[in-house]
Amino acid sequence: MAAPWVPPSSKLHITSLLMMLLMATTMMNNNVSGQATWCVARSDASNQALQTALDYACGSGADCFPLQANGLCFLPNTIQAHASYAFNSYYQRRGRAPGSCDFSGTATIAQSDPSYGSCVYPSSGSTAGGGNTPSTTPAFNNPNVPSPTTTTPIYGGGNTGGLTPGMNTPFPDNSRAASEATATWFLGLFSSLLILAICI
């Protein structure tokens with residue numbers, strides 16, 4: 001069966017539409033994966049929320065040694081600066097995975113490098129020390145934030161099994177990265193189908 005005849009002007013419009021879709025797909029892919037990003041503390045987060053998130057990050061694989069008193073990122077000695085470094089280390093070590101830069105809403109993605117002086121923020125998993133295996137870095141307590149008066153263990157009590165024994169993570173995946181990737185996939189599929197329709 002022969003394909004129906006399409007006027008040349010219609011083919012031009014379809015080709016133009018196809019080119020725009022392909023350009024949009026390319027731009028979305030570059031925004032999602034081709035650009036260096038960093039995870040930093042939100043300026044409107046409370047000190048207590050940042051401290052809780054900082055303890056979680058340092059206890060779950062972030063490299064917090066540079067935040068110790070003799071570390072390259074100790075100064076400025078603020079909860080905001082320390083949380084930003086720890087959040088970014090955690091985020092990079094997990095390959096910038098969806099949800100790895102949320103920390104109960106206390107973190108955000110930055111497009112510009114937050115490094116300063118001798119304190120260099122990693123921009124990839126390889127420069128963050130690699131792997132997503134939790135390190136032996138102890139939980140970091142900032143002296144500028146009063147500690148709670150309770151004696152509850154920081155990671156919860158008892159071994160409940162699973163990937164984080166004894167810990168109910170307070171950090172849900174509120175990331176939009178997965179939905180953006182899905183949208184990009186569907187846009188690519190639609191573009192491919194459009195190409196096939198034109199060629200047939």
Side-chain angles (χ1 to χ4, degrees), residues 27-147 154-155 163-164 167 169-181 184:
M27 289 187 328
M28 286 179 71
N29 282 337
N30 286 341
N31 281 340
V32 172
S33 63
Q35 184 176 351
T37 56
W38 295 265
C39 181
V40 296
R42 292 176 51 104
S43 59
D44 61 347
S46 73
N47 282 349
Q48 192 59 50
L50 287 173
Q51 183 66 57
T52 300
L54 174 61
D55 290 341
Y56 175 81
C58 289
S60 300
D63 177 12
C64 293
F65 285 115
L67 302 176
Q68 300 302 318
N70 60 348
L72 294 174
C73 298
F74 177 70
L75 295 176
N77 184 17
T78 65
I79 188 71
Q80 185 83 26
H82 288 185
S84 288
Y85 186 87
F87 292 175
N88 186 64
S89 175
Y90 180 92
Y91 172 68
Q92 299 298 343
R93 284 185 170 198
R94 279 161 180 68
R96 297 185 268 178
S100 63
C101 182
D102 184 67
F103 299 97
S104 288
T106 62
T108 187
I109 301 291
Q111 302 292 325
S112 58
D113 188 351
S115 300
Y116 56 92
S118 59
C119 181
V120 178
Y121 280 54
S123 60
S124 69
S126 61
T127 59
N132 60 2
T133 306
S135 69
T136 57
T137 305
F140 181 80
N141 288 311
N142 189 306
N144 296 327
V145 177
S147 59
I154 197 166
Y155 299 117
L163 296 176
T164 52
M167 181 178 166
T169 179
F171 307 113
D173 182 357
N174 294 328
S175 173
R176 290 179 293 163
S179 61
E180 289 172 359
T184 301

Using atom types as modelled and distance alone, determine if a side-chain donor or acceptor of [X] lies under 3.5 Å from a backbone N or O of [Y].
| X | Y | value |
| --- | --- | --- |
| Asn88 | Val40 | no |
| Ser123 | Ala36 | no |
| Gln92 | Thr37 | yes |
| Trp38 | Ile109 | no |
| Thr108 | Arg42 | no |
| Ser100 | Ala97 | yes |

Separation between [atom1] of [X] and [atom2] of [Y], rounded to the nearest 0.5 Å:
| X | Y | atom1 | atom2 | answer |
| --- | --- | --- | --- | --- |
| Gln48 | Ile79 | CD | CD1 | 8.5 Å |
| Ser112 | Tyr121 | OG | OH | 11.0 Å |
| Ser104 | Leu50 | OG | CG | 11.0 Å |
| Tyr91 | Asp102 | OH | CG | 12.0 Å |
| Leu67 | Cys73 | CG | SG | 6.5 Å |
| Phe65 | Tyr85 | CZ | OH | 11.5 Å |

Does Arg94 qualify as a cation-pi partner of Tyr90, given the criterion of NZ or CZ under 6.0 Å from the six-membered ring centre and within 45 degrees of its axis?
yes
Could you tell me which non-hydrogen atom of [X] sits nearest to which non-hydrogen atom of [Y], and how far apart they are?
| X | Y | answer |
| --- | --- | --- |
| Ser89 | Asp63 | OG-N, 2.7 Å |
| Ala81 | Pro76 | CB-O, 3.6 Å |
| Gln35 | Arg96 | O-NH1, 2.9 Å |
| Ser84 | Ala41 | OG-N, 2.9 Å |

Side chains of Ser126 and Ser124, donor plus acceptor under 3.5 Å:
yes
Aromatic ring pairing Phe74/His82, orientation class (parallel under 30°, perpendicular over 60°, tilted between):
tilted
